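Just below is one structure, and these are the notes that go with it.
This one's a predicted model, so the numbers in the text were calculated from it and none came from an experiment. First the proteins, then the strands, lettered A, B, ... as listed; each starts at 1. These values consider heavy atoms only, across backbone and side chains, with no hydrogens, waters or symmetry-generated copies.
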Amino acid sequence: MPAKKKTAKKTSKKTTKKKSAGPWDAAFAPRAPGEARYWLVKSEPEVFSFDDLLHKHNKTTHWNGIRNFAARNFMRDAMRVGDRVFYYHSGSDAPSIVGICEVVREAYPDDSAFDSASEGYDPKSDRSKPTWYMVDLRAVAQFTHPVTLAQIKERKDLKDMALLRIGRLSVSPVRPSEWAAITRMAEG
DNA sequence: GCCAACGTTGGC
DNA sequence: GCCAACGTTGGC
């Protein structure tokens with residue numbers, strides 16, 4: 001019966017052994033009415049650049065191939081239609097945020113995980129209970145002055161950005177203050 | 001091409 | 001459930 005679950009909990013709570021409420025919890029917290037949130041996605045321009053996105057029909061693509069649980073959780077559990085997303089080019093000469101897109105469709109199963117011919121094939125993912133999800137993103141604006149990783153690292157007020165703190169994560173949250181600072185930097 | 005920093009896997 | 005081995009990402 002459910003009574004059992006409840007009791008054990010209280011005591012173990014005070015030690016805050018739960019990673020002291022992770023710095024990224026805010027990304028999952030309930031939203032105020034009309035509140036939009038901000039994100040960053042990475043892509044190697046050789047594979048799929050912001051320019052490629054601009055040339056897609058409706059400047060829209062599905063963000064598939066994410067095979068990391070933390071990134072998946074941000075996408076599936078926290079990204080909402082209307083959220084704004086920085087587009088980051090990794091692996092290039094000057095890794096940079098090059099533009100902005102927006103979420104136009106919330107998470108739905110990533111079909112490439114079921115396709116044995118696909119690079120993203122995951123035999124452990126089942127159609128009835130998919131492991132991997134994708135969202136649809138539409139390009140909104142290209143930066144005239146891309147904001148480089150080096151620039152971001154120079155700024156004290158950006159040192160806690162998930163981009164810098166969570167290594168190699170392909171989808172990460174951006175705080176409103178960080179969003180504001182970077183869009184200002186992109187104005188040149 | 002090197003390597004740090006992670007994440008995942010599998011043996012025990 | 002621990003942890004070593006292995007794989008991947010991505011800056012430099």
Item to complete: Walk me through it: do A/R165 and A/D160 pass the test salt bridge (charged side-chain N to carboxylate O under 4.0 Å, His left out)?
Response: CA-CA 6 Å; A/R165 301 291 295 278; A/D160 290 328; 2.5 Å; yes
Practice prompt. Take nucleotides 7-12 of chain C nucleotide by nucleotide from the 5' end and write B, S or -, depending on whether a protein heavy atom sits under 4.0 Å from the base, only from the sugar-phosphate, or from neither.
Written response: --BBSS
Worksheet item: Are A/L149 and A/I100 grouped together when hydrophobic residues (ILVMFWY) are joined by side-chain heavy atoms under 4.5 angstrom apart?
Response: yes
Worksheet item: Taking NZ, NE, NH1 and NH2 as the nitrogens, is one of them in A/R67 or A/D110 under 4.0 Å from a carboxylate oxygen of the other?
Response: yes
Worksheet item: Out of A/W39, A/Y87, A/Y133, which one pairs with A/W63 under the ring pair (Phe, Tyr, Trp, His ring centres under 6.0 Å) rule?
Response: A/Y87
Worksheet item: Is the closest side-chain heavy-atom distance between A/F86 and A/V98 below 4.5 Å?
Response: no
